[in-house]
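Single-structure report; data block below.
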There are 2 protein chains.
Amino acid sequence: MSSKILLVDNDIPLQTMLADHLQKVYRVVTATNGQETMRQAFSEHPHLVIVEVELPGMDGWGVIARLREISSIPIIILSKRTSEADKLRGFTLGVDDYITKPFSYAELLARINAVLNRTRRGTGTLENILIVDDLMIDLNRREVRLDTKLVDLTPTEFRLLEILARRHGKAVSEEELTKQMWGEYRHEGSTILRRYIWSLRSKLEEDPANPKWIVTIRGFGYMLE
Amino acid sequence: MSSKILLVDNDIPLQTMLADHLQKVYRVVTATNGQETMRQAFSEHPHLVIVEVELPGMDGWGVIARLREISSIPIIILSKRTSEADKLRGFTLGVDDYITKPFSYAELLARINAVLNRTRRGTGTLENILIVDDLMIDLNRREVRLDTKLVDLTPTEFRLLEILARRHGKAVSEEELTKQMWGEYRHEGSTILRRYIWSLRSKLEEDPANPKWIVTIRGFGYMLE
DNA sequence: AAATATTTTCATAAAATATTTATGGTTATG
DNA sequence: CATAACCATAAATATTTTATGAAAATATTT
């Protein structure tokens with residue numbers, strides 16, 4: 001069963017947009033002010049509350065304080081900017097994470113997952129989730145999302161992407177990739193890696209001929225941007 | 001399952017005595033001040049709150065007001081004396097009943113039942129019950145319900161579903177499933193797990209060929225959604 | 001233009017998974 | 001006590017998906 005998230009934001013258009021996206025992955029309930037938040041928290045018992053800190057009437061911090069009065073429900077703060085003072089303030093209130101606008105959906109999803117995993121059982125950081133920009137590789141579910149859209153990969157493709165993602169921003173040599181994928185005994189002119197780079201691209205890239213994600217480092221190997 | 005009652009009273013000896021008696025009929029949780037009351041209301045979701053109106057810090061009326069802010073949970077007021085003014089005050093707050101000390105247990109139970117019957121819709125606890133969306137696995141009764149309909153499973157099927165449910169949302173490898181089900185000692189190419197995945201699906205899934213619950217993670221294992 | 005590197009297409013083999021059938025054992029039932 | 005119903009397991013078969021090598025096409029460098 002997917003987790004339930006309470007989204008608190010008084011900017012209705014933005015809230016709607018966010019909710020739409022999150023709904024693909026979680027169950028989402030919303031509130032636009034302090035009182036509504038408390039009601040929803042009570043009746044829906046969400047697993048996580050995401051609070052935009054500039055709320056009218058009761059400001060975001062007030063909401064958080066009152067939530068904290070009645071429970072230890074995980075809270076993520078959403079704000080335009082997060083000063084050190086804010087972080088301190090949040091820390092004393094037991095806020096679980098901060099996200100500063102602008103943010104990518106992948107980042108949001110990842111942080112949500114991280115917080116949920118952490119609170120569901122003891123530890124767990126984002127270790128089981130790799131994030132590269134708008135690309136999320138969820139090693140728990142063994143699924144890949146590009147801007148919330150699920151990308152269907154074969155096991156081999158998944159493995160290859162995982163390797164690249166673990167070193168994203170760094171070029172990985174063809175030889176090393178091949179070795180990691182198929183072990184030492186594959187060396188002689190094996191063309192198989194390229195075959196998979198190609199199929200990954202065709203699933204991941206908007207325009208596979210001009211790859212944005214998996215770029216070729218000519219004479220060396222490949223790199224995930 | 002019996003109803004759950006939140007008993008709010010700062011007179012500890014009296015509260016204890018009351019709780020002892022009520023416990024024979026209901027499940028009882030307690031609080032001794034305003035904040036604790038809000039916490040309990042949130043985390044326990046009682047069917048009924050009984051409030052002693054002379055509380056320290058936040059007085060009884062304040063507690064009631066704050067409870068009413070977040071829910072329409074039934075409330076019974078307990079007080080030494082109930083003036084007409086109090087009744088009016090309570091009425092505007094939507095209090096369900098008043099009990100004036102001294103009172104007999106019989107009277108208390110009667111009024112509790114009356115209020116509960118008025119508002120009743122019994123809900124159970126979640127202990128020893130795994131819930132995944134519309135799927136309920138009752139480990140006590142060893143029964144599985146899908147959207148209230150009972151699903152008849154064999155012991156082996158039940159065990160398999162339980163394992164999957166405990167990690168729902170995460171892929172579980174075929175190897176691990178097999179190990180958990182039958183231990184280490186099972187020859188390599190054992191296909192027995194698939195047999196049971198298949199029979200589970202045929203009992204659980206609306207369209208077993210397009211499983212919604214038990215999805216295969218190709219090259220890895222299975223996952224309960 | 002030749003040499004080299006990379007991308008793309010294609011056909012096929014291999015594998016992973018799903019489904020059906022068979023068998024022996026256990027339990028419930030009359 | 002016999003019989004039927006049920007179940008766990010194994011094994012056989014069918015179906016779907018994936019891995020792979022090689023060849024052809026394209027691009028880039030020298």
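Everything numeric in this text was worked out from a predicted model, so none of it was measured. Labels below follow one simple rule: chain letters A, B, ... track the order of the sequence lines, proteins then strands, and each chain is numbered from 1. Worth knowing before you read on, the calculation uses all heavy atoms, side chains too, and leaves out hydrogens, waters and symmetry mates.
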Between [N] atom [atom2] and [X] atom [atom1], what is the distance in whole Å?
X: A:Asn210; N: C:dT6; atom1: CG; atom2: P; result: 17 Å
X: A:Ile192; N: C:dA13; atom1: CD1; atom2: P; result: 16 Å
X: A:Leu193; N: D:dT18; atom1: CG; atom2: P; result: 19 Å
X: B:Leu153; N: D:dA8; atom1: CG; atom2: P; result: 10 Å
X: B:Ile197; N: C:dA16; atom1: CD1; atom2: P; result: 17 Å
X: B:Ile217; N: C:dA15; atom1: CD1; atom2: P; result: 22 Å
X: B:Glu174; N: C:dA16; atom1: CD; atom2: P; result: 10 Å

Does one side chain, of A:Thr216 or A:Arg201, offer a donor that lies under 3.5 Å from an acceptor on the other?
yes
Would you say the side chain of A:Arg194 and the base of C:dT6 hold a donor-acceptor pair, judged only by whether the two atoms sit under 3.5 Å apart?
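A donor-acceptor contact between them is absent.
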Just call it for [X]: base, sugar-phosphate, or nothing, with non-hydrogen atoms closer than 4.0 Å on any strand.
X: B:Pro155; answer: sugar-phosphate
X: B:Glu157; answer: nothing
X: A:Phe158; answer: nothing

Please identify each residue that fulfils side-chain hydrogen bond (donor to acceptor under 3.5 Å, both in side chains) with B:Arg159, with sequence neighbours left out.
none
Pairing partner (Watson-Crick or G-U wobble, both distances under 3.5 angstrom) of D:dT28
C:dA3
DNA chain D: A:Arg159 or B:Tyr196, which has the more 5' nearest nucleotide?
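Result: B:Tyr196.
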With DNA chain D as reference, determine whether B:Arg218 or A:Arg195 sits nearer its 5' end, using the nearest nucleotide of each.
B:Arg218
My understanding is that only residues two or more places apart in sequence, or in another chain, count here; which of them pass salt bridge (Lys or Arg N to Asp or Glu O under 4.0 Å) with A:Arg145?
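Testing A:Arg145 for salt bridge (Lys or Arg N to Asp or Glu O under 4.0 Å), a comparison that skips the adjacent residues, returns A:Glu143.
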Taking side chain as C-beta onward, heavy atoms only, is A:Trp213 less than 4.5 Å from A:Leu224?
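Result yes, sub-4.5 Å side-chain heavy-atom pair found.
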Any idea which of C:dT8, C:dT7, C:dT17 is nearest the A:Thr216 side chain?
C:dT7
Where the side chain of A:Ala209 is defined as all heavy atoms beyond and including C-beta, which of C:dT19, C:dT8, C:dT7 is the nearest nucleotide?
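The answer is C:dT8.
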